[in-house]
Enquirer: 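Here's a structure for you.
Note that these values count all heavy atoms, side chains included, but never hydrogens, waters or copies made by symmetry. Naming: A, B, ... by sequence-line order, numbering from 1 per chain.
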Amino acid sequence: MNTIKKQVVIIGGGPGGLAAAVKLKKAGVDDILILEREHELGGILRQCIHDGFGLTRFGETLSGPEYAQRFIDEVEELGIAYKTDTTVIGLTGDKKVTAVSRDGLFEYQADAVILTMGCRERTRGALSIPGERPAGVFTAGVAQTYINLKNKMVGRKVIILGSGDIGMIMARRMTLEGAKVEAVFEIQPYPSGLPRNIEQCLNDYGIPLYLSHTVTKIKGHHRLEAVEVSQVDEKLNPIPGTEKEYECDTLILSVGLIPENELSLMAGVELDPRTKGAIVDEFCQTTVPGIFAAGNVLHVHDLVDFVSLESEKLADAVAKFVKEGLPQAEIGVETAGLVGYTVPQKITGDADVTLSFRPRKPVRDRYVDVYQGETLVTSKKYVKLLPAEMEKIKIPAAKLVPGVNVKVVTRDE
Amino acid sequence: MAHLYDVLVIGAGVVGCSAARELSKYQLKIAVVEKGPDVCMETSSRNSAVLHAGYNNKPGTRMAKYCVEGNSTFDQIAAELDIPYKRTGKLVVGYTEDDRAKLESLKAQGEKNGIVGIEIVDRAFIDEKAPHVGGNFAMWSPTTAILSPFQFTYGMAENAADNGVEFYFDSEVTAIERDEEGIYTVKTASGEIRTRWVVNCAGLGSDKVSAMLGIDEYTLYPCRGEYYILDKRIGDMLPLPAYPVPNIKTGGLGIHLTPTLDGNIMVGPSTEYIDENDNYAATKGIMDMLIDDGSRIFPYLKKEYFIRNFAGIRPKLNPPSIGGFHDFVIERRDEIAPHAVNLVGIESPGLTSAVPISKEIVRLISEVEELKENPDFNPIRKRMVTFRDKSHEEQAKLIEENPDYGEVICRCETITKAEVLAAIRGPLGAKTMTGVKYRCRAMMGRCQGGYCQTRIAEILMEEKGIKPEELIYERRGSYIFTGEVR
């Protein structure tokens, strides 16, 4: 079998991969190949036919396919090579990529590999929802594929578990298709999706959102007939005696996204148990030199605009990597208290760097402090911090010393 | 269905399919009727997927005899039918002196049943075989194997079909009548079938079929067992089945951990008597108990590894007040129902015992009439190619010969379009989503069909020429779509 040499192989032609490819090409890297398992480029955006994409990146609101098309057009114009209907089945630590399509099995030896595989949805099994196993239980993304790409309606009387953005968007979508969406239940005491989706997808259609509630039983031998919903206590355990039954033929699960890192693990990339994505430095480089990651495969983003921006930043770094190499990042970023995680998890200290993070729970009027040893490097006040909204904090390189980890913490006053 | 069969087998589980195949070695016209839309839909597909050694059953029982025989003769049947299995051996782990005494008596029982090689082993032995498994000592059973219960049943069914056995699905038996000439008319949901012999392999419904034959003394007590399935990511940590010392009284073998051939881990099953024989629910209390009990033997059962729960139902002849195991009923009751072989209460170790049970069915028939060998019987069945198990060179060659191998449908398990099509187009091919899943493993991975189910639904509708509203997930009534979008 012939091994084909490539400067950069990009795994996944969704928003992350496309943005990285365009930026990389513009930075003067020519020998790029995008591998995409679907029939068309665009990734999950193809099924996101609602609008609201692009406000940050393009300053206007676009549908998912429109947003993707902007990048696809650039890929075409710039003559960037891509292969669709091609699934990567192997990735090694020395950057050998194995892919299959109807045309055969291909092996690529890349100088750099960019991981932009996106994420998958958490399932009923991962949540261990008790009850029977009837048809009619769908993750929000699967329901979205059936309805928006396959033109198949999946139900008439709907309950939604989880206030993730896709779940709320599907609440609106199914209502517009004539289904009755009874309610959305969220186990946390706060919504997990964006405030604008609560407004535009639920409130505008009179769909109630119940916080601190979860589905505790699924009923129906064949097709879903009803779900039992219970209130939960502060430890998220169902409170006995609060059970209420809702008749329905469909349960949509919008209960979280998990970065899809099976190929990363195959290559020996180390993952962060908090993000379930790779541990990276400020160049989006993983623990395997020459393998980079950005977008939802790295950590789940709220908006596709941020995926594009992160991937463009990655592309600059990859261009530098293939031309001259990158410096080592030896300063670890630790977190404590309300800061759930940061990306990147390690930095060089050579240049200013912006950390992305999420709080563990919603809070108001908090300071986020970055310390290196006893020294306060930077501090920023946030009027509100929501788990649904990724936040950023900039660390000035001038204040950093080499070889000492930094710590990101929160403070009330 | 007007013509006359020599033998009608009721039930297309592993025992029914095995019986049909065994009978097809003789010059007989055979049919199988099944209430569900597919083979392997109830107890046969919902169990620990273990080929038992046979030490758990009382010496002298059919259970003990057939289990030991089924285990020792499995190599041949697996070779003929291309059934994947692996003789991993098994550890029954103990902690206390009381456990040790129980394991000693279990070992003695096994030896009485004719099993060789069982021994009581120390911690060092456990460390060598399965270092992540708990226990201070254990009973080692070298002949225990793990197998694919799906492929076992499909192998039997497909080979039976290849040898002329006819299958009728969606054909629940509603009544059985016998005329003066001794011909049975079996009424089913899809029509009537006339037959000279009836073989009751109806599993969870075998008490009802028995009563239709006039043998009305049996009542089955459905006993549900729930399981967790864990991600392949920790599969390597459990190379063989690990069981606790069984408390036989409960009617199960205790909450154990079993690796599957594909690298997942199953935790279960519970033993809970229930009222319905088709309620496969998982329940909160038992789900928690499975993890608590399973963690005693294997303390790595983290939530992030959970991918699915399922349940199976044992057709038990002993009521809850008695518990434990009642021996298999395999009988010919000429005074009530001549020309009928009646099987009731085929629970664990029914999977392991399926082939010896079917040989006993043939023996019972041959006591009444002489059976002539079928010179055309072909014992060989080939399983579909599994792309993921091949080397890159072999994979390249497969795609060259058939481009459908280059289209990966199920990403988690690397199942190609060629395999999905083989599942649908094969002998007795899949008509339901679950049928595809059981045959080729698509949708069995960690994303549970999040990526591939929409593609599989499309392929299935196209291949079978069925309308969206007719597509079913598993059983009749389990429709997936309510129509087209506006």
Side-chain angles (χ1 to χ4, degrees), chain A residues 1 37 85-90 98 100-107 120-121 123-136 138-139 141-142 145-156 176-179 216-223 238 249-250 258 260 262 265 273 276, chain B residues 228-229 233 276 278-287 303-304 306-311 387-388 392-393 395-400 403-408 411-412 414 416-417 433 446-451 453-454 457-458 468 472-486:
Chain A
M1 209 172 315
R37 63 189 183 195
D85 293 315
T86 303
T87 306
V88 174
I89 60 168
T98 309
V100 296
S101 76
R102 296 185 70 86
D103 299 329
L105 184 140
F106 303 91
E107 272 182 2
R120 66 166 180 272
E121 296 180 280
T123 63
R124 172 183 176 182
L127 296 183
S128 306
I129 304 174
E132 295 180 69
R133 309 214 64 91
F138 303 90
T139 57
V142 166
T145 311
Y146 278 135
I147 295 173
N148 290 353
L149 294 182
K150 314 281 182 193
N151 289 326
K152 302 286 179 293
M153 195 56 190
V154 296
R156 293 282 163 223
L176 292 174
E177 281 298 333
T216 43
K217 203 177 279 177
I218 288 174
K219 297 182 177 183
H221 277 19
H222 308 297
R223 175 78 189 198
D249 64 10
T250 307
I258 303 163
E260 185 133 272
E262 276 60 49
L265 288 170
K276 315 263 187 273
Chain B
Y228 263 98
I229 307 178
R233 226 175 250 182
E276 297 168 288
D278 61 348
N279 186 328
Y280 293 100
T283 54
K284 179 76 174 98
I286 284 177
M287 291 160 95
K303 203 168 178 185
E304 64 180 285
F306 297 172
I307 65 173
R308 194 178 178 88
N309 298 83
F310 76 96
F387 183 78
R388 69 183 179 281
H392 284 172
E393 287 72 23
Q395 288 175 334
K397 200 158 165 271
L398 281 171
I399 299 171
E400 203 180 309
D404 287 337
Y405 282 109
E407 228 178 288
V408 176
R411 150 207 57 197
C412 300
T414 319
T416 64
K417 188 173 184 183
M433 297 294 277
R446 55 176 68 94
C447 91
Q448 290 286 295
Y451 177 64
Q453 69 157 282
T454 58
E458 228 171 21
I472 59 170
Y473 168 63
E474 181 167 15
R475 289 160 216 283
R476 219 165 343 160
S478 63
Y479 63 93
I480 297 169
F481 303 123
T482 53
E484 300 273 322
V485 297
R486 283 177 177 174

Enquirer: Of all of B:F481, B:F306, B:Y473, which one pairs up most often with chain A through heavy atoms under 4.5 Å apart?
Expert: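 That would be B:F481.
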Enquirer: Which heavy-atom pair separates B:I480 from A:F138 by the least distance, and what is that distance?
Expert: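 In terms of heavy atoms, the two residues are closest at O-CZ, 3.7 Å.
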Enquirer: Heavy atoms only: give me the nearest B:S478-A:H222 pair and the separation to one decimal.
Expert: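 B:S478 and A:H222 have their closest heavy atoms at CB-O, 3.3 Å.
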Enquirer: B:R233, B:E474, B:K397: which one forms the most heavy-atom pairs within less than 4.5 Å of chain A?
Expert: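 Maximum pair count with chain A is reached by B:R233.
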Enquirer: Between atom CD of B:E484 and atom CE of A:M153, what is the distance when rounded to the nearest 0.5 Å?
Expert: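 The CD atom of B:E484 sits 11.5 Å away from the CE atom of A:M153.
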Enquirer: Does any heavy atom of chain A fall under 4.5 Å from the side chain of B:T454, the backbone, both, or neither of them?
Expert: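 Contact with chain A is through both the backbone and side chain of B:T454.
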Enquirer: Looking only at heavy atoms, which two atoms of A:R223 and B:Y479 are closest? And how far apart?
Expert: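 That would be NH1-O, 2.8 Å.
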Enquirer: Against chain A, label B:Q453 side chain, backbone, both or neither, depending on which of its atoms sit under 4.5 Å from a heavy atom there.
Expert: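 Its backbone and side chain both get close to chain A.
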Enquirer: Is chain B contacted by the side chain of A:I147, its backbone, both, or neither, given a heavy-atom distance below 4.5 Å?
Expert: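 Both parts, heavy atoms under 4.5 Å.
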Enquirer: Pick from A:G141, A:G178, A:G136: which one has the most heavy-atom pairs with chain B under 4.5 Å?
Expert: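 Top option by heavy-atom pairs under 4.5 Å: A:G178.
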Enquirer: Could you walk me through whether B:Q395 and A:I89 pass side-chain contact (heavy atoms from CB on, under 4.5 Å), step by step?
Expert: CA-CA 11 Å; B:Q395 288 175 334; A:I89 60 168; 3.5 Å; yes
Enquirer: Checking A:L176 against chain B: side chain, backbone, both or neither under 4.5 Å from a heavy atom?
Expert: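 Backbone of A:L176 only, per the 4.5 Å heavy-atom cut-off to chain B.
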Enquirer: Taking atom NZ as the centre, does A:K217 end up with more than 12 heavy-atom neighbours from other residues, nucleotides or ligands that are less than 6.0 angstrom away?
Expert: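 No - once you tally the heavy atoms of other residues, nucleotides and ligands closer than 6.0 Å, there are 12 at most.
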Enquirer: Within the side chain of A:R133, is there an N or O that forms a donor-acceptor pair under 3.5 Å with the backbone of B:N309?
Expert: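 Such a contact is found between A:R133 side chain and B:N309 backbone.
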Enquirer: Which pair of non-hydrogen atoms, one from A:V100 and one from B:V408, has the smallest distance, and what is that distance?
Expert: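 Minimum heavy-atom separation between A:V100 and B:V408: CG2-CG2, 3.6 Å.
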Enquirer: Considering all heavy atoms of both residues, which atom of B:K303 and which atom of A:A126 are nearest to each other, and what is their separation?
Expert: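 Residues B:K303 and A:A126, closest heavy atoms: CE-O, 4.1 Å.
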Enquirer: Between B:E458, B:E400, B:R446, who has the most heavy-atom pairs with chain A when the cutoff is under 4.5 Å?
Expert: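 Answer, by heavy-atom pair count under 4.5 Å with chain A: B:R446.
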Enquirer: Checking heavy atoms, do the side chain of A:S128, its backbone, both or neither come under 4.5 Å from chain B?
Expert: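 Looking at A:S128, backbone and side chain both touch chain B.
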Enquirer: So which of A:G131, A:A135, A:P134 has the largest heavy-atom pair count under 4.5 angstrom toward chain B?
Expert: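 Counting heavy-atom pairs under 4.5 Å, the top option is A:G131.
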Enquirer: Do A:E177 side-chain atoms and B:R486 backbone N/O form a donor-acceptor pair below 3.5 Å?
Expert: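 Such a contact is found between A:E177 side chain and B:R486 backbone.
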Enquirer: Measuring from atom OH of B:Y451 to atom OG1 of A:T139, what distance do you get when rounded to the nearest 0.5 angstrom?
Expert: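 Nearest 0.5 Å value for the OH-OG1 distance: 14.0 Å.
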Enquirer: Tell me, for A:D249 versus chain B, whether the close heavy atoms (under 4.5 Å) come from the side chain, the backbone, both or neither.
Expert: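 Only the side chain of A:D249 comes within 4.5 Å of chain B.
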Enquirer: Checking heavy atoms, do the side chain of A:I129, its backbone, both or neither come under 4.5 Å from chain B?
Expert: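 For A:I129, the backbone is the part near chain B, not the side chain.
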Enquirer: Select, from B:C447, B:G450, B:G483, the one with the greatest count of heavy-atom pairs under 4.5 Å involving chain A.
Expert: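 Sorted descending by pairs with chain A, the first entry is B:G483.
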Enquirer: If you count heavy-atom pairs under 4.5 Å with chain B, which of A:H221, A:E260, A:K276 comes out on top?
Expert: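 Between A:H221, A:E260, A:K276, the count favours A:H221.
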Enquirer: Could you give me the CA-CA distance, side-chain angles and deciding distance for A:E132 and B:N279, then say whether side-chain contact (heavy atoms from CB on, under 4.5 Å) is met?
Expert: CA-CA 7 Å; A:E132 295 180 69; B:N279 186 328; 3.6 Å; yes
Enquirer: Is a side-chain N or O of B:R308 found less than 3.5 angstrom from the main chain of A:G125, in a donor-acceptor match?
Expert: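 Pair absent, no side-chain N/O of B:R308 close to backbone of A:G125.
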Enquirer: Hey, which of A:R37, A:E121, A:R156 has the most heavy atom pairs under 4.5 Å with chain B?
Expert: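 Of A:R37, A:E121, A:R156, A:R37 has the most heavy-atom pairs under 4.5 Å with chain B.
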Enquirer: For B:E276, which residues count as a salt bridge (Lys or Arg N to Asp or Glu O under 4.0 Å) partner, sequence neighbours excluded?
Expert: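 Checked B:E276 against salt bridge (Lys or Arg N to Asp or Glu O under 4.0 Å); zero matches.
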Enquirer: Counting only heavy atoms closer than 4.5 Å, note whether B:I307 contacts chain A via side chain, backbone, both or neither.
Expert: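 Backbone only.
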Enquirer: Got a salt bridge between A:E262 and B:R411, using NZ or NE/NH1/NH2 to carboxylate O under 4.0 Å?
Expert: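 No, no charged N to carboxylate O under 4.0 Å.
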Enquirer: So, do B:D404 and A:R102 sit near enough that their side-chain heavy atoms are less than 4.5 Å apart?
Expert: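 Sidechains of A:R102 and B:D404: in contact.
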